[in-house]
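Note sheet for the following structure.
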Amino acid sequence: MTKQGRVFSGARPTGRQHLGNYLGAIKNYVALQDNYECVYCIVDVHALTTMDTTLELKQNTYDMALDWLAAGIRPEESIVFIQSHVPQVMELHTYLSMVTPIGKLTDLPTFKDKVRENPNNVNYGLVGYPVLMAADILLYATDFVPVGVDQAPHLEFTREVVRSFNYRYGAPVLKEPQMKTTSIPKVLGIDGVQKMSKSLNNHIELASTAEETTQRVMQMVTDTARIRRSDPGNPDVCNVFSLHKIFSSQDEIDMINVECRRAGIGCVDCKKILAKNLNAHLEPFRSRRNELDQNPAYIWDTLADGAKRATVLAEETMTAVRDAIGLP
Ligand code: TRP
């Protein structure tokens, strides 16, 4: 079937992916392939803006690519590659920086957050982070960018840069992308309070064994008002129940919804059902991942092939860009 345009998304190489990454991004990446020409990029250069060591960068890149492919990203059909393998993005970043007022970058809420988090490392690259992100998106003549609300200011910035650039150089060389918001569930960690994240160690890794996954599920915090087994619980405020809604059958969801409220089922049994369903859901992922992991060269070759195909698109844009600017 004919595709409805090009999608681009980037993610920092955070290593082995967790349930939050899966439900918040990867699942959507996989689904988008059916209707769009997809370009998925591991943004290693962006990662450098906040990193104090690069020791794990390669391994984290490999692990993320492995998880993406095991989860169903199809590299023959989609382009999957590493940002730094197509250095034209750095060139475009430089040209875009000439039409970017610096105040616009320092005013961004994302920039202010980063400064607050790490006041001792406010580097030049960090200020230019959204310019590099715009270069990612524009280099591949993207139609749609699937992003969460936290990235919305960056996408709006990208659209503004397109207008400034095209106006400044008098030619419509860059394409204005649309933001593609999908209803993405906010996945909480096993603490039931904070967003699932590796740095908080409240995550459930996709690549964990069934036993490890079950252990993690059994540690999940439930409705904190339910203290004794005989207390009625409230599924509406329970993180375990939120995951049941994604991974369990309608019958099980209905049963828990009723039985929890009248203390007919306890948290331990409720979690056991979730662990069983989660493991069943992840089983095909795990076996595919193990299979792919037997041959690391395949992962690196796939990423190299992606970079090659991305370079073709990149050069097309850069030829037009250099020409529009009037570089000698
Ligand atoms: N800034 C994004 C994040 O932190 C990552 C990213 C880099 C990105 N380049 C992109 C996302 C291009 C979408 C499109 O999550």
Side-chain angles (χ1 to χ4, degrees), residues 5-15 17-18 20-29 32 36-51 57 60-61 64-65 67-68 73 78-93 96-97 100 105 108-115 117-118 123 125-162 174-182 184 186-187 195-199 306-307 310 313-314 317:
R6 185 174 295 149
V7 156
F8 181 99
S9 189
R12 300 182 197 216
T14 48
Q17 301 291 281
H18 56 65
N21 302 129
Y22 174 65
L23 297 172
I26 303 172
K27 212 174 151 194
N28 190 32
Y29 284 4
L32 285 167
Y36 300 91
E37 187 192 327
C38 296
V39 183
Y40 296 132
C41 181
I42 299 178
V43 294
D44 55 342
V45 183
H46 273 113
L48 297 178
T49 59
T50 52
M51 244 167 26
L57 186 56
N60 283 343
T61 300
M64 190 154 98
D67 282 352
W68 279 8
I73 291 179
S78 304
I79 295 181
V80 185
F81 74 109
I82 298 172
Q83 187 182 32
S84 66
H85 288 188
V86 186
Q88 284 87 340
V89 75
M90 263 80 86
E91 183 188 359
L92 183 57
H93 162 271
L96 296 179
S97 72
T100 302
L105 297 172
L108 283 169
T110 43
F111 176 72
K112 291 179 180 160
D113 288 346
K114 285 284 182 328
V115 172
E117 284 162 25
N118 211 342
N123 59 71
L126 190 65
V127 182
Y129 185 107
V131 187
L132 185 60
M133 177 163 161
D136 280 329
I137 296 166
L138 303 174
L139 189 58
Y140 305 103
T142 301
D143 296 297
F144 303 102
V145 184
V147 285
V149 280
D150 62 314
Q151 294 294 313
H154 288 164
L155 206 74
E156 205 34 61
F157 168 79
T158 302
R159 291 159 56 84
E160 286 167 18
V161 163
V162 170
L174 297 177
K175 190 192 263 188
E176 202 169 311
Q178 308 289 314
M179 177 158 164
K180 197 170 175 54
T181 32
T182 26
I184 286 165
K186 185 173 172 194
V187 184
K195 192 173 152 187
M196 188 176 285
S197 98
K198 193 168 163 170
S199 56
L313 302 177
T317 301

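It should be emphasised that the depicted structure is a prediction, and the values quoted were computed from it without experimental measurement. Hydrogens, waters and symmetry mates are skipped; everything else that's a heavy atom, side chains included, is used. Order of listing sets the numbers, starting from 1, for every ligand and every atom in it.
- Near F8, meaning under 4.0 Å from one of its heavy atoms, ligand 1 places the atoms 12 (C), 14 (C).
- Near V145, the atoms of ligand 1 lying under 4.0 angstrom from a non-hydrogen atom of the residue are 13 (C), 14 (C).
- Taking each of A47, G10, G148 in turn, the one with a heavy atom nearest to atom 5 (C) of ligand 1 proves to be G10.
- At a heavy-atom distance under 4.0 Å, only side-chain atoms of I137, from C-beta outward, approach ligand 1.
- The atoms of ligand 1 that sit less than 4.0 Å from any heavy atom of V43 are 7 (C), 9 (N).
- Interface of Y129 with ligand 1, defined as ligand atoms under 4.0 Å from a residue heavy atom, comprises 1 (N), 2 (C), 3 (C), 4 (O), 5 (C).
- Proximity of a side-chain donor or acceptor of D143 to a complementary backbone N or O of R6 within less than 3.5 Å is detected.
- Atom 10 (C) of ligand 1 has its closest protein heavy atom at M133 CG, 3.5 Å.
- Scanning all heavy atoms of the two residues, the minimum distance from A134 to F157 falls at CB-CE2, 4.2 Å.
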Can you list, pair by pair, the side-chain donor-acceptor contacts under 3.5 Å of residues 135-142, counting residues two or more places apart and other chains?
unit_1: D136; atom_1: OD1; unit_2: Q83; atom_2: NE2; d: 3.0
unit_1: D136; atom_1: OD2; unit_2: Q83; atom_2: NE2; d: 3.2
unit_1: T142; atom_1: OG1; unit_2: I137; atom_2: O; d: 2.7

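- Taking a cut-off of under 4.0 Å to the non-hydrogen atoms of H46, the atoms of ligand 1 that pass are 7 (C), 9 (N).
- Listed for the R159 side chain is a donor-acceptor partner under 3.5 Å among the backbone atoms of P177.
- A pairwise comparison of heavy atoms in A314 and Q88 identifies CB-CB, 4.2 Å as the closest pair.
- N118 meets the side-chain hydrogen bond (donor to acceptor under 3.5 Å, both in side chains) test with no other residue; sequence neighbours excluded.
- Side-chain atoms of M179 and E156, non-hydrogen and from C-beta on, never get closer than 4.5 Å to each other.
- Annotation for N123 and T49: closest pair ND2-O, 3.1 Å, computed over non-hydrogen atoms.
- The distance from ligand 1 to the heavy atoms of D136 drops below 4.0 Å at these ligand atoms: 7 (C), 9 (N), 10 (C).
- Geometrically, ligand 1 and Q151 share a nitrogen or oxygen pair separated by less than 3.5 Å.
- Heavy atoms of D150 found under 4.0 angstrom from ligand 1: none, in either backbone or side chain.
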